[in-house]
Peer 1: 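Sharing a structure, written as structure tokens. Questions coming.
Atoms within each ligand, like the ligands themselves, are counted from 1 in listed order. Model, not experiment: these values are computed from the prediction.
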Amino acid sequence: MHTVQCPALHAHLRARNLDLVDDESKHRKIVALKPLKRGSVAIESQPLAFVPLPSARADICNFCFRRGTRAAPLQRCSRCQSAYFCSKHCFQKAWFAHHQYVCKTSKAQQGDDQEQDVMDELMLERVLITIARAKKHITQTQHTSDDLSQCAQLEAFSTLMSHETKQSNELLDRFKLIATNVLQKPHIKSLGVDPAALLIYLCRFHCNNFGITDNQLFPIGEGTYPIGSLFNHSCRPNAVALYNGTTQMIRLIEDVSPGEEITIAYIDVAHSRSDRTQKLADKYFFKCDCPRCSSDVGFGVIDALLGESFDHDMDEDEPSFVEKTLMEEIESWNVLDMTKKYPPGSEVPMTPGNLLDVPRYVHYMGTIMFPSLYWIQRPGKGEVFDTPQPKNVYENLILQAAVSVLHFPVEKTSESNEIFKPYSLKTLSTATRCLNVQMMKNRWPQSSRLCMFILVQYLFIYPRYHPILAIHLVLVAKAAWNALVQLELTGINRKLEKEFQRGVQRWIKLAKDTVSSCFGEQNEHWREIIELEWVFKRDQKLK
Ligand SMILES: C[S@@+](CC[C@H](N)C(=O)[O-])C[C@H]1O[C@@H](n2cnc3c(N)ncnc32)[C@H](O)[C@@H]1O
């Protein structure tokens, strides 16, 4: 049925070994037609339209979304004084595409809703202009491969779900106002668009548009990517949306078999199940039945482990009980003691009554997740996780670890009955905050321990080759290296130095493997880790 409705879209997908098929509960889904490899790009597409975030507008080129550099700073448009461009070329392209229409109309932003309204208004204008131009161009000329991709995009956009009957009256009222404003603009009036269509377009943006991120995964803009919008959600996705400027890549983070659905996550999956359920229902109108959300066994056990989401109160001056406990344990963490207590090859004695503090928790998880860090000298022992494994081997071990951790007692309870659980989202959020503070103070041994603790938590939350893990592994390697240098400067015993050297070497290897799968080898993360490897190896040679 869809092949008849959208011939160009189907041809576009099939040329990339993908298919769009009907699905009873999700409407449609994208499946693989052939085995596809982890690390490969399933599909790459340009946006129908894009808008920079107001907070990022002065930091990125408003056309290609690249950051300015010291050598080539961004130039501000002299007329509107609010848009920035990296080159004359980008300015000219933006001028032709949309900037000529909005150059005088930059608005002062107030609250979040107003900010979103201004972005929706710009997005609507830009989508209308792009569609009108594309239609004219396609009917007038011979079809090149670019035109065919554009036909596929237009077909995809015209069939995107809008859920307009389910949207709240408040949102629909806001959309009506935006549509009225846009329709009054002379350059839109001249396009002769159907006013009823505008409301549907705005509803489509609401449940289909993407947040565009930079290399560090920080949000910098919003984009309408009709082909990317055909991918459904999972809280345990096998693909991610990444950006090079405004070009979107749906990159596989797991091998995918023929017939298997390709999914991405619409929300950050580092939230509790109840939070994710609420967010997905409010904005996308569905109940997720992915492996993490559908039961309390298998992947469902991870949610039981993490507990409820937790946001820090930014005004809080006094460290909380969780923060105090965490930092006490981070300070007293002794690597040599730990390896003496649990020598290579021994089972970590996780018996009830053997309380689970942070170092022991990380050590225990580490022996499961990264055995080579502990058993580097024992051939064969280190090959479980740091070399690519079929995903069920890795996932089964992670699940076993989660189940066993859930059965152990937590160590500390405050006078006001606050409980410290090493594995909860609350502790993870606290650890992230503490890590920033420790790094700012150049306290690298502490930072390196916090990094390892956060890594263990991330391994429960994100699939093994997720970009967040790749970026974090680069940080783990850098923190371990800085800790080694700092400890050498202040005096370190030979045995501990050897442990650290092995650690740094292994973290570098893990980070390289993960970065090359998630981002490829032409990006700043890869360069960063290669530079660190070079510095580390040179230092080892000099010794
Ligand atoms: C961006 S679209 C995804 C493509 C969509 N399935 C289609 O056929 O156009 C988002 C919408 O797809 C549906 N959807 C996405 N992921 C889903 C899931 N895991 N379970 C059920 N419905 C899902 C929801 O209706 C959601 O609002």
Peer 1: Indicate, as side chain, backbone, both or neither, the part of Phe286 found under 4.0 angstrom from ligand 1 when only non-hydrogen atoms are considered.
Peer 2: side chain
Peer 1: I want to check a possible cation-pi pair here: Arg292 against Phe299, using under 6.0 Å from ring centre and within 45° of the ring axis as the test.
Peer 2: no
Peer 1: Below 4.5 Å, heavy atoms only, C-beta onward: do Glu254 and Tyr465 meet side chain to side chain?
Peer 2: no
Peer 1: Would you say ligand 1 has an N or O under 3.5 Å from any N or O of Lys26?
Peer 2: yes
Peer 1: So is there a nitrogen or oxygen of Tyr284 less than 3.5 Å from a nitrogen or oxygen in ligand 1?
Peer 2: yes
Peer 1: When you look at NE2 of His187, are more than 12 heavy atoms from neighbouring residues, nucleotides or ligands closer to it than 6.0 Å?
Peer 2: yes
Peer 1: Going by the order shown, which atoms of ligand 1 are within less than 4.0 Å of some heavy atom of Phe231?
Peer 2: 3 (C)
Peer 1: Hey, can you tell me if Tyr458 and Tyr462 have their rings parallel, tilted or perpendicular (30° and 60° cut-offs)?
Peer 2: perpendicular
Peer 1: Around atom CD of Gln216, are there more than 12 heavy atoms of other residues, nucleotides or ligands at under 6.0 Å?
Peer 2: yes
Peer 1: Students should be able to answer this: which protein heavy-atom is nearest to atom 15 (C) of ligand 1, and at what distance?
Peer 2: Asn232 OD1, 3.1 Å
Peer 1: Just distances here: any N/O of His233 and N/O of ligand 1 closer than 3.5 Å?
Peer 2: yes
Peer 1: Any atom of ligand 1 sitting under 4.0 Å from a heavy atom of Ser229?
Peer 2: yes
Peer 1: Does any N or O of ligand 1 fall below 3.5 Å from an N or O anywhere on His163, backbone included?
Peer 2: yes
Peer 1: Got an N/O contact under 3.5 Å between Arg28 and ligand 1?
Peer 2: yes
